[in-house]
Structure formats: C-alpha cells, structure tokens
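Input: a single structure, listed below in structure tokens.
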Amino acid sequence: MAHSDDKSSRSFSSLVVDGMERAPSRAMLYAVGFKQEDFKKPQIGIASTWSMVTPCNMHINHLADDAAKGVNQANGKAVIFNTITVSDGISMGTEGMKYSLVSREVIADSIETVVGCQGFDGVVAIGGCDKNMPGCLMAIARLNRPAVFVYGGTILPGCHNNKKLDVVSVFEAVGARANNKIDDAELEAIETKAIPGAGSCGGMYTANTMASAIEALGMSLPNSSAQAAVSEAKRLDCERAGAAVLELLKKGIKPSDIMTKAAFENAITVVIALGGSTNAVLHLLAMANAANVDLSLDDFTRIGANVPMLADLKPSGHYQMSELIDIGGIQPLMKILLAKGLLHGDCLTVTGKTLAENLAEVAPYPESQAIIHSMDAPIKKDSHLVILYGNLASEGAVAKITGKEGLVFTGTAKVFDTEELALQSILNGGIVAGDVIVIRYEGPKGGPGMREMLSPTSAVMGKGLGKEVALITDGRFSGGTHGFVVGHITPEAYSGGALAIVENGDQITIDAESKQLTLHVAAEEIAHRLSQWQQPAPRYTRGVLAKYAKLVNSASQGAVTDN
C-alpha cells in the first residue's frame, strides 16, 4: 500500500495539488469531494465507459463506483470520469456504423487527455463494448502510468423455445425471415428475448475476444474476462483492480513493463485458441503501436502455425461465454497452453506476478466439459485467423476460416460499392451459390470508418448460403460473423488497391492453405484497369469522419490515427 506521505507515488498529482501556488487547484477539488488528507494520496483516475447507449455499458457506472471503493480502501484517492461509447449492434448496417472504429480513437484520445490534464498517478479503465476496450488500452499504453483494465463482463443468454439466444441470433433471424423460413411473429419473439439485460454480446465475439486478449496480455486481473456483467465476481474484480493499481504504484510497475512483444504473443495465442474475432488483429496491432511494440500481420501467421483452435464457442461453435465461465473461464485454457510451451510464462502481469505464477494454482477444467477441446483433438490444428496475400491483397487481408466452411473457395465476383447495396441484393435473392460477394469502398479511408459487415454475412447465413458463397471486403467483420469471409483487404479500394477494379463476373479464389487471395485476371489487364480508375470523391468533407479519413493509416497497420 502506498504510504500517504510517499511523494514518489504521487509524481503526477503532486504537480497539480502540492504547494502554496496550487491552492486554486485544491479549492476546486474540495468542491468535488476531496478532503484535506486526500491531497497526500495518489490520485487514481477511474475511466468509465458508462452510457445508456447500449446494454454492454449500461451497468459500468456501478462498476466504476466499485473500482473507486477499491482505490479508496487502499489509501488512494479515486476520481471517476467518463468517456464515450457507441453501439455496433445498434448501428450495424447503417451509415452510423462508420463512427464505430472512429470511436476507438476518440476514446483513447479522451482518456489520455483527462489523465494527462488532471495529473492522475494511475488508471483503472473499465470497458464493455468492442471499441472502448482497445481504446482504453491504447490510452493506457500512451500514458504509461500504473494501470489495470477491467472488463465490464458478458451478458447472460436470452432464451426462446428452449434455445439460447444472443444478438447474432436476431441478425440471422432477419435473413431467415427474408427467406420465409420464419414468420413475423417468430422474428418478433426472437427480437424481444435475445438481449435480457446488461453485458457484452454473449459469444466469442469481439468484446469477449478482446477481454480475453487483454487478460492474456497481463493488463487485467485473472478471470476478469470470464465473469458475468451482473455478478458478485465482477463487483469484486473492480474492487481488486482499484487496490491493484496502488500496488503497481508501490512497485513501480508500468504498462510498458507488461505490454511487451512476448505479452502480445501470449494475447494472440489465446485469441487463436478461443476462435476469436478478426477484429483482434486490428486492435492488437493498434495497441502494440501505442505501446511502441513492433507487431505485424506476419506475427499472426507465425504464431498461428503452431497454435490450435480449441474452443467450441459461438459464432462458429455451439457455446456462449456464460457457459465457459461456468467451467472456469480462460485460466485453465492458458494453463494448458503454458504446459505445451505455447505461452511465455515469464511475462509480468498487473498482479505484480508473472503469468506462470498466476496460473500455478489454477484447477483444470471438469472432465465432463465439451467446450474446450483437448490439444490432441482440436477443432482446427492451426489458426482460424488466416492472413492472406496475393494480387488482391498485396499488403495483406484477414480471413476467419474455421475449416467448417472448407479451406478453398473459388467463385464469381458480384461487386458492390457499399454495404447497403450488397445487403439489398442478398435479401432480394440476387446472390446465388458460387458467388463471391465483393464489398468495397468500406475501408478506413473509403468508408470512412471501416464498417463491420455483420448484416450481409448474417443475411447470407439466414438465407442458408453460408457454405455456398464467400464475401470479401476492405471493411471489417463483427466478431459474430462466420462463414467464408475475408476482410481488412489492403490496400483498400479507396487508396487504389486492386479491389477497386474487380468487375462482375471475375473469378476470385480464397485459399486458406496457400494463404492467397487471387483475382484471376491477367496482370496486364489489372494494370490497364488501374490506369483507368479514378479515386471517388470523399463521402465526408467536414467533421470527425473527414478528419479520421485524412489521418488514419492502413488496416494492415491497425488503422490508427496517431502515426
């Protein structure tokens, strides 16, 4: 515990509140609840992503209070502040979704801004939805002050006709309704029962993927990724996180000591074993960039060659995160991976101990469980996150291929310049077996904002075409997407990538074995088409989207704006 007169633990806050000349600062802080003795305590900022915008974050104000309690009981002074969040699930398929990835940058900037301005000595950041989690870690890495991330927790499943539901169930029900497989009453029943309360989407979608990755990275306390949003375990996680920051201050442990290249390799390994979201590639690249760690797409290929996919979790599998929680969360899985030499056990974590020390007393999964397969009988022997190159993706693309869809797909291009046009064609029966749906001008610059294509991919599934068509895009995919899909194609169409000159009827091959994305058009013809191509006018010329489009770099580098 940091002692009240230990100025070394107040290296930032002391500049704000110590001395005669700082009396005006202290005067303002008295008004927000400071007592005289608080000025000698380390100040810990509690970055809360609470809002009533989405069920993912609607409970985080209470969790922030719990984290503050933990700080204050450990003889620190907690100060809660807010940042924004947006909802992918609500904005999906609309123009508003273009703000989703942008929000990651806004969140990172806002947390850095408040902590830097107010002189907080440490940080607890609490995130519950896809973009605010990496946004929190990007800010923490930039600030490099003792910090702990807390995951807001997963939602409990909905239920209809004895079948567990989540948000993806609703997206896929839309496709089923369009195909007359269900009626309006059934769609309404699914819609009203799928989301029963607070918490992040219930499968191994992006939120649960990133929570697991951050725990594996060492930046959250053990089990933080595997607790229900509304639970005593999650409340205690927040209290412990508050106390843990004070211990990190005492020991002088900073995020740069934890967020090393080896730690990022641990995060990638766990994401692969869990069958996690393609967004993890984008976000881990961005987090590593903020931490000044050299991480690239090829690291995912190198690590993925030796790490099997073990978890039978939604969207491609059968189980939800709540069921993984019931058997022990990701800690027993990490112990298995460590025993096989697939994790770096010497990495430091926010407990002040190494990863191996944290895992030493972890009990194995119950023998009867079916969620996590054994190393001898994996769902896929190597990574489902396949980095593709080729004449359609000279700087790389990210495919999510579990093997259930097959490993190679060749089909005929049907080209759309927006997500909306593609979705309309799918729902209206314009897509048939053997098609490769091409959605372009949806990249970081072209969209702008790199929308997720959950509506089109869910419609494909709902239409029963999941194994018969493929979809490629310079946009992204939701963690809820499954099927034969390739995203993050770089260079993006708006920047003159070859995706810009694909025509209806062209043949395209996605090959997860050779890791190639190939347009079957002669190099001379590709060069000719590119010579005739003209960059479209920007879709936004003012405001945050225009600013983002000007600043953002390639998806292959994490789509960050501060390079």
Side-chain angles (χ1 to χ4, degrees), residues 11-13 42-51 57 60 63-64 67-68 71 78-86 99-152 206-207 210-211 213-215 217-220 224 238 241-242 244-245 248-249 253-260 263-264 267 279-280 282-293 295 350 544 548 551-553 558-563:
S11 56
F12 294 98
S13 63
Q43 291 186 32
I44 308 300
I46 312 292
S48 167
T49 58
W50 169 82
S51 79
N57 294 63
I60 286 179
L63 298 184
V71 167
V79 181
I80 299 173
F81 67 95
N82 263 88
T83 183
I84 66 160
T85 196
V86 300
Y99 291 89
S100 170
L101 189 58
V102 178
S103 76
R104 185 189 72 181
E105 309 300 300
V106 175
I107 291 160
D109 290 351
S110 67
I111 294 174
E112 179 189 355
T113 299
V114 175
V115 174
C117 178
Q118 299 302 127
F120 296 143
D121 301 299
V123 184
V124 177
I126 310 171
C129 202
D130 299 16
K131 308 309 166 301
N132 55 54
M133 300 164 71
C136 287
L137 267 292
M138 289 161 68
I140 284 169
R142 292 180 199 166
L143 289 159
N144 201 30
R145 304 178 192 187
V148 176
F149 176 79
V150 177
Y151 177 40
T206 304
M210 291 313 302
I214 293 165
E215 183 176 326
L217 187 68
M219 285 304 298
S220 59
S224 186
C238 294
V245 174
L248 292 171
L249 261 174
I253 297 173
K254 298 178 181 178
S256 58
D257 300 315
I258 298 171
M259 297 173 70
T260 62
F264 277 97
N279 280 318
L282 195 73
H283 295 328
L284 287 171
L285 289 172
M287 289 158 54
N289 174 275
N292 293 313
V293 169
L295 194 71
V350 292
V544 68
Y548 180 84
L551 292 173
V552 70
N553 70 5
V560 297
T561 58
D562 61 343
N563 263 15

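Position 1 is the first residue of the sequence; numbering continues from there.
- Put simply, the side chain of M287 does not reach to within 4.5 Å of the side chain of M219, judged on heavy atoms.
- Here the closest non-hydrogen pair linking I80 and A64 is CD1-O, 3.8 Å.
- Between L101 and Y548, some side-chain heavy-atom pair lies under the 4.5 Å cut-off.
- Listed here is the closest heavy atom pair of V124 and A241: CG2-O, 4.0 Å.
- For the pair I214/Y151, no side-chain contact is recorded, criterion being any heavy-atom separation below 4.5 Å from C-beta on.
- None of V71, V150, I46 except one satisfies the side chain to side chain contact (heavy atoms under 4.5 Å, CB included) rule with C238; the exception is V150.
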For side-chain contact (heavy atoms from CB on, under 4.5 Å), just list the numbers for V106 and Y99, CA-CA rounded to whole Å, side-chain angles, deciding distance to a tenth of an Å, and then say yes or no.
CA-CA 10 Å; V106 175; Y99 291 89; over 6 Å; no
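- Checking side-chain atoms of T49 against main-chain N and O of I126 turns up a donor-acceptor pair under 3.5 Å.
- N553 and G558 make their closest contact through OD1-C, 4.2 Å (heavy atoms, listed as atom of the first residue, atom of the second, distance).
- We find the CG-CD1 distance between N57 and I84 to be 11.0 Å, quoted to the nearest 0.5 Å.
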Using the side-chain contact (heavy atoms from CB on, under 4.5 Å) rule, take H283 and M138 through it: C-alpha gap first, then chi angles, then the decisive distance, then the call.
CA-CA 9 Å; H283 295 328; M138 289 161 68; over 6 Å; no
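- Counting only heavy atoms from C-beta outward, the side chains of V560 and R104 approach each other to under 4.5 Å.
- Proximity of Q43 to Q118: side-chain heavy atoms (C-beta onward) are nowhere separated by under 4.5 Å.
- With hydrogens and angles ignored, the 3.5 Å screen pairs no side-chain donor or acceptor of D121 with any backbone N or O of I44.
- Distance check: C136 SG to I111 CD1 gives 4.0 Å after rounding to the nearest 0.5 Å.
- In this structure, the side chains of M259 and L137 come closer than 4.5 Å at one or more pairs of heavy atoms.
- The two residues L143 and G116 have their closest heavy-atom pair at CD2-N, 4.1 Å.
- Once rounded to the nearest 0.5 Å, the distance linking CE of M133 with OG1 of T85 reads 10.5 Å.
- Residue pairs that meet the salt bridge (Lys or Arg N to Asp or Glu O under 4.0 Å) test with at least one member in residues 141-152, sequence neighbours left out, are D109-R142, E112-R142, R142-D562.
- A donor-acceptor pair under 3.5 Å is absent between the side-chain atoms of N132 and the main chain of G127, judged by distance alone.
- No side-chain heavy atom of V86 sits less than 4.5 Å from a side-chain heavy atom of K131.
- Here the CG-OG distance, from N144 to S256, works out to 3.5 Å after rounding to the nearest 0.5 Å.
- Annotation: side chain of T260 is not in contact with side chain of V293 (no heavy-atom distance under 4.5 Å).
- Contact detail for L284 and A213: the closest heavy-atom pair is CD2-CB, 4.4 Å.
- Expressed to the nearest 0.5 Å, how far CD1 of I140 lies from CD1 of I258 amounts to 9.5 Å.
- The nearest pair of heavy atoms linking A244 to V148 is CB-CG2, 4.0 Å.
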